[in-house]
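Worksheet: one structure, shown below.
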Amino acid sequence: MERSSGEPLASALIRIKDTSLSTLSDANGNYVFLFDKKGTYTMIVSYVGFREESRKIDLKQNQTVDFLLENSMQLEEVLVTATAPDERVKSLNMGVEKLTAVEIKQMPALMGEVDVLKAIQLLPGVQTASEGGSGYSVRGGSPDQNLILIDNTTVYNASHLLGFFSVFNNDVLSGLDLYKGDMPLKYGGRLSSLLDVRTRDQHPEKFNGVGGIGLISSRLTLEGPIGDKTSWLIGGRRSYADLFLKLSANDALRRSSVYFYDLNGKLTHRFSNKDIVDFSGYYGKDHFGADPGLFHYGNGAASLSWRHVFSQTLSSKMSLNMTNYDYGLESKLENAQATWNSSINDYMLRMDMTHSINDLWNMTYGLTSTLHNFKPGTATMLNTANYKVEGTKALEHSVYVSNEQKFSEMFSVKYGVRLSIFQNMGKATVYHYDEDYRATDSTSYGSGKIYNTYTAWEPRLGFVYKLGETSSIKGNYVHNVQFMQLANNSASGSPLDVWFPASPNIKPQELDMFSLGYFRNLSDNMYEASVELYYKKQKNVIDFAEHADLMLNKYLEGEVRTGKGQAYGAEFMVRKNKGDLTGFINYTLSRSERTIPEVNNGKTYLSPYDKTHSLNVVANYRFSKKISMAAIWIYTTGNPTTYPSGRFDIDGEYFPIYSGRNEYRRPDYHRLDLSFTYVPKPDTQKRWKGEWNVSLYNAYGKKNPWMITYDQNDDTGLPYAEMLYLFGIVPSITYNFKF
């Protein structure tokens, strides 16, 4: 781990001098060696940007050897990465993108806030669902097909301010991993991707802090030790756009409020080198208030985990996780008052085991059990009876086992299977529908009654074949199953979207994905290049009837239409990791289609998330220790959409005739973001260190469409279209500090 912060160093190289033995540390900085005989050995640990450390050990019995690495004197901290320089070539993982908190920090900010979700939308195969939003599509999938975790706990809505910020505070994070379909077997329940976000796991030697003051929001994170075995961290953010509204001359604006806040906390205690217990929590809330009503939504997440090392070859992690997402609307008029509340919460217990026996048996296995509680909504009207859509519960269980086998220095494989079980549980009323999706009758089930069960096997297989020290070919196959989905009519998403489960009427969605890739590093790992091809075949893909009523609808399942889908594409990536100029260029060519009998007259149509071309250019240049610059340029094909193709007249009133589903496209999207960072005293030995960041979002003011609406001229009766865009040029300035 890093000496100054106690942060674990993932993928550090540990080798035994004068032998062929070597390994890489895992995400928690742990490693294991198996020796054939006792004796004296020299262990050498190296990591990019850190001084190499060596130590002699007298191996008479099993023992734990810890290394604390120092930053190099070259002050090249921008080169410290969460992966080994050649991991993309050697690793069995494919379709995996990793970013550290340092790399995310270097990217230009929207409204002064560096954002995790905006950062991953720059990666190949990942597309933003809408301008400014935090929802994203991976390889043509919908946003609800992405599993988002923070410290092993599910996040159902990862946005603040309707998507302009994410719930992730970069100051408390150590990094993230994005798995584009081929996720570790211990995770499941989604078709497209896993975003695994981790808060810092460290034991700082002294009290310190980091934060920033911006035009829209400010943040502060503090951490420190409690004795030799306990450490703590707490971080918070708060926006204050509502404070500026108080200065308005308009009475209604002065009474309005628009803000968000969130808190992260973590407490870690090391009972010994073999036992670590930590508690982490998150709570965040968004608040929008104006005459005549109020809208709020928020997330809560908590995790209690215990990590135990049984031996050199066997370790475990047990965790209890809780998550909650809720939203509410309140409307207050002189003679009327209405409220609407909805939520989803989970309680999960999981056990994960890691068992490294030898090169042929590097196993992981475990189990999870989750209780889902769906509360679609309760509406209350003044002086009238309440209207409530009955909530439902479900149990989701899984058992998994996987193994990695290294047959030679050139060829390795991984394989495994996951058994998933999903059970609908009462109290519930299940409606029965005829061929026209009209409810005909219903069946009621008592509280705690299991009335429907789905069982699914999810096999996964992958391989890597090294063509040499600098290149490799990888391939994999995955079968994923998803038991939950979002009800929404818009690709942009909304906090009012409702999660609903598979049921006797809704079969779980299934996906088979095949992928193949070529990976090559150049110039002593200065450059990384790769191309990945993929094909995805989906079964029971979800869409909705035209003009579906999705909010507070007890017959929601009658609005669902299911069919099949497919997506395929090619992802090209070149990355430069060293030098004053770093960054990457990636290009994605892709297609995503659906075929649903009751939609578009049964004809195949484009998914709302289909984007034929996508190009991202990210560059960071360090002029000196004091001045650096970052630039991002994005280009994508416009989203598919449905336009009016004609109209008809009834008594002088015109009604539109729409084209087939998603037959047209919005205009292509492109944008340039710039960021400048100035460090007044880069070599200061004082504890307080500060820097200024100035950024321009949409630097050349491109008016990218967010929404297109249609109306007709009252005088001429002719139809016309109006485009609504969110952002012109958005400047921001932030002062960042640490101590």
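Numbering of residues begins at 1 and proceeds along the displayed sequence.
- You'll find the side chain of Met318 stays beyond 4.5 Å of the side chain of His308, heavy atoms only.
- Side-chain atoms of Arg418 and Ser398 include a donor-acceptor pair closer than 3.5 Å.
- Distance check: Leu267 CG to Leu233 CG gives 10.5 Å after rounding to the nearest 0.5 Å.
- For the atom pair OG of Ser303 and CD1 of Ile150, the computed distance is 10.0 Å after rounding to the nearest 0.5 Å.
- The closest donor-acceptor contact from the side chain of Asn540 to the backbone of Pro508 lies under 3.5 Å.
- Gln482 contributes a side-chain N or O that, together with a main-chain N or O of Asp144, makes up a donor-acceptor pair within less than 3.5 Å.
- Looking at heavy atoms from C-beta onward, Phe207 lies in side-chain contact with Leu222 at the 4.5 angstrom threshold.
- Using modelled atom types and a 3.5 Å distance limit, the side chains of Thr153 and Thr323 yield no donor-acceptor pair.
- Between Asp326 and Lys285 there is a salt bridge, with a side-chain nitrogen of the basic residue lying less than 4.0 Å from a carboxylate oxygen of the acidic one.
- Residues Asp352 and Arg307 are not paired through a salt bridge, judged by the lack of any N-O separation under 4.0 Å between the basic side chain and the carboxylate.
- When each of Phe295, Tyr327, Tyr297 is checked for a ring pair (Phe, Tyr, Trp, His ring centres under 6.0 Å) with Trp340, only Tyr327 meets the rule.
- Closest approach of Asp196 and Tyr187 over heavy atoms only: OD2-OH, 4.4 Å.
- Here Met183 contributes atom CE and Ser193 contributes atom OG; the two are 6.5 Å apart, rounded to the nearest 0.5 Å.
- Tested against Lys738 for a side chain to side chain contact (heavy atoms under 4.5 Å, CB included), the candidates Asp171, Thr221, Val210 yield a single pass: Val210.
- Around the CH2 atom of Trp306, the shell of radius 6.0 Å holds no more than 12 heavy atoms that belong to other residues, nucleotides or ligands.
- Gln423 places no side-chain N or O within 3.5 Å of a backbone atom of Ile450 that could act as its donor or acceptor partner.
- Here the closest heavy-atom approach between residue Val481 and residue Glu458 is recorded as N-OE1, 3.2 Å.
- Side chain to side chain, Ser305 and Asp278 meet the donor-acceptor criterion of an N or O pair below 3.5 Å.
- Partners of Asp543 according to the salt bridge (Lys or Arg N to Asp or Glu O under 4.0 Å) rule, which considers only residues two or more places apart in sequence or in another chain, are Arg594, Arg661.
- By the 6.0 Å contact criterion, NZ on Lys375 is open, its count of non-hydrogen atoms from other residues, nucleotides or ligands being 12 or less.
- Under 3.5 Å, the side chains of Glu330 and Thr339 contain no donor-acceptor pair of N or O atoms.
- Asn157 and Ser159 share a donor-acceptor pair across their side chains, judged by distance under 3.5 Å alone.
- Remark: Arg200 engages Glu223 in a salt bridge, criterion side-chain N to carboxylate O under 4.0 Å.
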Exercise. When you look at Glu390 and Lys554, which way does the side-chain contact (heavy atoms from CB on, under 4.5 Å) test go after all the steps?
Worked result: CA-CA 7 Å; Glu390 189 175 64; Lys554 64 181 180 180; over 6 Å; no
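- Of the N and O atoms on the side chains of Glu510 and Gln538, not one donor lies less than 3.5 Å from an acceptor on the other residue.
- Side-chain atoms of Gln485 come within 3.5 Å of backbone N or O of Phe500 as a donor-acceptor pair.
- Taking the side chain as every heavy atom from C-beta outward, Thr268 and Ile276 approach each other to under 4.5 Å.
- Panel note: side chain Asn505, backbone Tyr431; a donor-acceptor pair is recorded below 3.5 Å.
- Between the side chain of Asp275 and the backbone N or O of Ser272 there is no donor-acceptor pair closer than 3.5 Å.
- Between Tyr136 and Asn146, the closest side-chain pair of non-hydrogen atoms falls below 4.5 Å.
- With Trp499 as reference, Tyr156 is the one residue of Phe374, Tyr156, Phe483 to meet the ring pair (Phe, Tyr, Trp, His ring centres under 6.0 Å) rule.
- Atom OH in Tyr451 sits 6.5 Å away from atom OG in Ser503 (nearest 0.5 Å).
- A distance-only check finds no donor-acceptor pair linking the side chain of Asp262 to the backbone of Tyr282 [under 3.5 Å].
- Contact of the Phe737 side chain with the Ile213 side chain is registered, since non-hydrogen atoms from C-beta on lie closer than 4.5 Å.
- His269 and Phe271 have perpendicular rings, their planes meeting at more than 60° on a 0 to 90° scale where under 30° would count as parallel.
- Judged purely by distance below 3.5 Å, without hydrogens or angles, the side chains of Arg219 and Asn736 pair a donor atom with an acceptor atom.
- A pairwise comparison of heavy atoms in Ala502 and Phe422 identifies O-CE2, 3.7 Å as the closest pair.
- Ser402 and Thr364 share a side-chain donor-acceptor pair at under 3.5 Å.
- Taken to the nearest 0.5 Å, the CD atom of Gln121 stands 11.0 Å off from the CG atom of Leu178.
- For the residue pair Asp286 / His296, no side-chain donor-acceptor distance below 3.5 Å is found, with atom types taken as modelled.
- Atom CZ of Phe739 has more than 12 neighbouring heavy atoms from other residues, nucleotides or ligands inside a 6.0 Å radius.
- Inter-residue side-chain proximity for Leu117 and Phe168 is flagged as met; some heavy-atom pair is nearer than 4.5 Å.
- Considering Asn452, Thr453, Thr392 in turn, Asn452 is the only one that fulfils the side-chain hydrogen bond (donor to acceptor under 3.5 Å, both in side chains) rule with Asn424.
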For this session: Let me see the working for Leu511 and Gln145 under side-chain contact (heavy atoms from CB on, under 4.5 Å), right down to the final yes or no.
Result: CA-CA 11 Å; Leu511 173 141; Gln145 293 176 354; 5.7 Å; no
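- If you run side chain to side chain contact (heavy atoms under 4.5 Å, CB included) between Val116 and each of Leu99, Leu173, Val167, Ile148, only Leu173 comes through.
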For this session: Give the intermediate values and the outcome of side-chain contact (heavy atoms from CB on, under 4.5 Å) for residues Leu147 and Thr154.
Result: CA-CA 7 Å; Leu147 176 61; Thr154 305; 4.1 Å; yes
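- Proximity of a side-chain donor or acceptor of Ser231 to a complementary backbone N or O of Pro204 within less than 3.5 Å is not detected.
- Judged by a 6.0 Å distance limit and a 45° cone about the ring axis, Arg237 is not positioned over the six-membered ring of Phe260.
- Atom OH of Tyr261 sits about 15.5 Å away from atom OG of Ser217, to the nearest 0.5 Å.
- Contact record, Gly181 with Val478: O-CG2, 4.0 Å, taken as the closest heavy-atom pair.
- Ser420 and Glu396 share no donor-acceptor pair across their side chains, judged by distance under 3.5 Å alone.
- Between the side chain of Asp151 and the backbone N or O of Thr199, at least one donor-acceptor pair lies under 3.5 Å.
- When every heavy atom of Pro184 is checked against every heavy atom of Arg460, the shortest pair comes out as O-NH1, 3.2 Å.
- Contact annotation: the side chain of Thr370 approaches that of His372 to within less than 4.5 Å [non-hydrogen atoms, C-beta and beyond].
- Closest approach of Asn321 and Asn152 over heavy atoms only: ND2-O, 3.5 Å.
- In this structure, Asp177 pairs ionically with Lys98, as a charged nitrogen and a carboxylate oxygen lie closer than 4.0 Å.
- Counting only N and O atoms by type, the side chains of Ser166 and Asp115 include a donor and acceptor under 3.5 Å apart.
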